[in-house]
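These notes concern the structure reproduced below.
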Amino acid sequence: QVQLVESGGGLVQAGGSLRLSCVVSGRTSSFYHAGWFRQAPGKEREFVAAINWSGGSASYADSVKGRFTISRDNAKNTIYLQMDSLKPEDTAVYSCAAKRVGGNYDYATTYDYWGQGTQVTVSS
């Protein structure tokens with residue numbers, strides 16, 4: 001059974017930083033991509049970043065490019081999202097996810113496993 005558990009969310013002032021972690025348990029050897037998505041109140045879930053599980057190549061939404069960094073530590077089965085220069089519009093519930101098939105890494109519906117989410121609030 002695959003489980004994803006996020007941590008690291010919280011309240012931060014604009015311009016500050018947070019690092020989210022996502023610990024993955026289960027058969028991670030079959031994963032192709034891992035990603036972070038976010039959902040703000042009243043808005044649809046949106047793609048934030050994704051990383052190839054084996055090779056480490058990363059992709060980002062334009063809204064976070066240059067400010068957020070996704071990484072993974074395969075030895076610890078952990079995915080990270082380093083968030084710098086945070087803005088109030090980054091406020092959302094952030095969820096990590098994993099998928100077994102390559103491609104379409106920015107589409108939430110293609111992911112097989114999800115964490116419960118962690119709240120990030122950025123004050124102005």
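These numbers come from the heavy atoms of this one structure, side chains and all, not from hydrogens, waters or symmetry mates.
Counting only residues at least two apart or in different chains, salt bridge (charged side-chain N to carboxylate O under 4.0 Å, His left out) contacts with residues 107-124 are absent. Applying the salt bridge (charged side-chain N to carboxylate O under 4.0 Å, His left out) test to pairs two or more places apart or on separate chains, those with a residue in residues 29-52 are Arg38-Glu46, Arg38-Asp90. Listed by first and then second residue, the side chain to side chain donor-acceptor pair (under 3.5 Å) pairs involving residues 5-14 are Glu6-Gln116 (not counting sequence neighbours).
Interatomic distance, Arg72 CZ to Cys22 SG, rounded to the nearest 0.5 Å: 14.0 Å. Rounding to the nearest 0.5 Å gives a distance of 9.5 Å between CG of Asp106 and NE2 of His33. Rounding to the nearest 0.5 angstrom, the gap separating the CD atom in Gln82 from the CZ atom in Phe68 is 9.5 Å. To the nearest 0.5 angstrom, Tyr32 atom OH is 12.5 Å from Thr110 atom OG1.
The ring-ring contact (aromatic ring centres under 6.0 Å, His included) test applied to Tyr94 returns no partner, not counting sequence neighbours. Taking the ring-ring contact (aromatic ring centres under 6.0 Å, His included) definition, one finds that Tyr60 meets it with nothing, sequence neighbours left out. Under the ring-ring contact (aromatic ring centres under 6.0 Å, His included) criterion, Tyr80 pairs with no residue, sequence neighbours left out.
Of the possible donor and acceptor atoms, one in the side chain of Thr118 sits under 3.5 Å from a partner among the backbone N and O of Gly9. A distance-only check finds no donor-acceptor pair linking the side chain of Thr109 to the backbone of Tyr107 [under 3.5 Å]. Checking side-chain atoms of Lys99 against main-chain N and O of Gly103 turns up a donor-acceptor pair under 3.5 Å. Remark: the backbone N or O of Trp53 is paired with a side-chain donor or acceptor of Asn74 at under 3.5 angstrom. Side-chain N or O atoms of Thr91 include one that pairs as donor or acceptor with a backbone N or O of Val122 at under 3.5 Å.
Residues Trp114 and Ala108 come closest through the heavy atom pair CZ2-O, 3.4 Å. Here the closest heavy-atom approach between residue Ile70 and residue Ala58 is recorded as CG2-CB, 3.6 Å. Annotation for Val93 and Gly117: closest pair CG1-CA, 3.9 Å, computed over non-hydrogen atoms. Minimum heavy-atom separation, Ala14 to Ser124: CB-CA, 4.4 Å.
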message = Run the side-chain contact (heavy atoms from CB on, under 4.5 Å) test on Lys87 and Arg67 for me, step by step, so that the C-alpha distance in whole Å, both residues' side-chain angles and the decisive distance to 0.1 Å come before the verdict.
response = CA-CA 10 Å; Lys87 305 175 181 180; Arg67 299 188 298 121; 3.8 Å; yes
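Side-chain heavy atoms closer than 4.5 Å link hydrophobic residues (I, L, V, M, F, W, Y) into clusters, and following such links, possibly through other members, connects Trp36 to Tyr113. There is no path of hydrophobic side-chain contacts, each under 4.5 Å, that joins Phe47 to Ile51. Hydrophobic clustering (side-chain heavy atoms under 4.5 Å, transitive across Ile, Leu, Val, Met, Phe, Trp, Tyr) groups Met83 together with Val12.
Remark: the Ser54 side chain and the Asn52 side chain contain an N/O donor-acceptor pair separated by less than 3.5 Å. Donor-acceptor pairing under 3.5 Å is recorded for the side chains of Asp84 and Ser17. One side chain, Tyr105 or Ser59, offers a donor N or O that lies under 3.5 Å from an acceptor on the other.
The closest side-chain heavy-atom distance from Leu4 to Val23 is not below 4.5 Å. Side-chain contact between Thr78 and Val24 is absent, with no heavy atoms from C-beta onward closer than 4.5 Å.
Ring orientation note: the planes of Phe37 and Tyr111 are nearly perpendicular, at an angle over 60° on the 30°/60° scale.
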